[in-house]
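Both counts, for ligands and for their atoms, begin at 1 and track the order of listing.
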Amino acid sequence: MLGLMAGLGFGQTSSQDWADEVLYFVIVDRFADGDLSNNIKVDLDGKGAFHGGDLRGLTQKLPYLSELGITALWITPLVKNIDDYTDAIGFPDWAYHGYWADDFTRLDPRFGTESDLRELIEKAHQRGIKVLLDVVYNHAGYGSHYIQDPATKAWLRYGSACGEDDLTSCIAGLPDFRTEDAQVRDYLINAQLHWAKSFDLDGFRLDTVKHVDHPFWSENRKRLREELQRPFFLVGEVWGGSYQVCDPWFERDEMDAGFDFTFAGNVISFVQGRGRTIAFSRYLQKRHQIRAGYQMAHYLSSHDVPGAFYQLKGDKKRFQMCVALQLSTLGIPVIYYGEEVARIGGDWPDNRSDMPWGDNQTLPGKALPQDTDMFDFYRHWIALRKAHPALMVGTYRELSTDGDVLVFERQDPESGERVWVAANRSGLETTVMVPAQDGISALEDGLNGDRPSLTETGWSLTLAPLQVRVFVTERKP
Ligand SMILES: [Ca+2]
Ligand SMILES: [Ca+2]
């Protein structure tokens, strides 16, 4: 791998390596509590309180994640966070999410020890699961030691020093690092490089990307490459990001991928019958115009937005359509913890509720039910995606946009494999005719093995109400 990277030049391979990943995003505190001894001021009834989840709990749940089929984990920041809460929003809100750092040079004991982190990464790798650590360069937590310490307080903008633009404003009133200052920049990059060097992490998820200047991101990339000498993936949160919005960071090769803020809204509208079928098809097609070698990570829910299942008011069939389309679309699908067992979520802070563990006694979500049928649905679609690279990286070709049925073809540029995806958003069983295509002699449903027939007018595809099907094609013998 290293030799290949040297030969191709940087920026050519690390992103491609992630084209076949399925990423699972965990808020460590809300997932699984594997060590009661590190629980400090845990309050399971407090929506903004620590709930006790930690690295050891996450490690214990790796078999569950393997069964689901995910191939990479994104975990919330682990560095020491502030010990106080804010009640500006009407209830005590603590740093359980990890985004309010107090000290970038050590781990927060509430999430675990360095040996816990080492064990998580080692055991994840044994299962073929990569680990991305979330890092924040833009700001520190409220009242953090960085603004108390005379040696560092000039490093930040806070109070009346906060600016008005993206780079210098204090997001949610958080002290903003002067990342344009070389001393501050070097401190922050050194601190995060330490974690990348000391642990076998596979990359970083970069927080608040558009609030930090481009020279900082270029330096970050350069230092990581020079000092790690191994593939190290960077996926960045550019708020509101699409492939176009993220392109300035791709153009400068400051990150490999960005989060796609456009997918969820578009797919939810489509399954709700809003907008024309062809509009959704053209949206999907356009996503393929992304700069070569870079990727978008598309999600249905996150810690910052109300999730798709909640927006669809718990409509399971329509949510499953979103899932099936997410898993048959270009990019890196991101599953937000618990979606796969129908955690309903809600508006903030309910979108950060505990992972439901059914009746298996895992804290903090031990009493919350799991929808195992939803889990199986995810498992099958993830397996289908992994079995057919066309679904991950294939080109897009529209086959039918009649009425409420969308049919498109994905073709793997490497193997030539062609796979069809058909989605019926109507509440009625619908049959659509797709004209015969050169080079295709038979179709087979990738999940149940059904083989549609070729009539004089074309392929007759019948879809149940609110169903998505994938057809694997066969060539003429
Ligand atoms: Ca704990
Ligand atoms: Ca900033």
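- Residue Tyr310 places its OH atom among 12 or fewer non-hydrogen atoms of other residues, nucleotides or ligands, all under 6.0 Å distant.
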key: Step-by-step side-chain hydrogen bond (donor to acceptor under 3.5 Å, both in side chains) determination, Asp253 to Tyr294   = CA-CA 9 Å; Asp253 192 38; Tyr294 298 85; 2.7 Å; yes

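- Around the Ca ion (ligand 2), the two atoms OD2 of Asp176 and OD1 of Asn138 are separated by an angle of 120°, to 10 degrees.
- At least one N/O/S atom of Asn38, whether from backbone or side chain, sits less than 3.0 Å from the Ca ion (ligand 1).
- Ring geometry for Phe319 versus Phe309: interplanar angle of 30 to 60°, hence tilted.
- At a threshold of 3.0 Å, the Ca ion (ligand 1) has no backbone or side-chain N, O or S atom of Gly57 nearer than that distance.
- Restricting Asp33 to its N/O/S atoms, the shortest distance to the Ca ion (ligand 1) is reached by OD1.
- Taking 3.0 Å as the threshold, Phe177 does not count as a candidate ligand of the Ca ion (ligand 2), since none of its N, O or S atoms lies below it.
- Vertex the Ca ion (ligand 1); arms to Asp35 O and Asn39 OD1; angle rounded to 10 degrees, 90°.
- Environment of OH in Tyr85: sparse, with no more than 12 heavy atoms of neighbouring residues, nucleotides or ligands closer than 6.0 Å.
- Annotation: angle subtended at the Ca ion (ligand 1) by Gly52 O and Asp54 OD2 is 90°, to 10°.
- Note on His211: its N/O/S atom closest to the Ca ion (ligand 2) is O.
- Residue Lys47 qualifies as open at atom NZ: its count of foreign heavy atoms under 6.0 Å is 12 or below.
- In this structure, Arg287 forms no cation-pi arrangement with Tyr396, as its terminal cationic atom is not both closer than 6.0 Å to the ring centre and no more than 45° off the ring axis.
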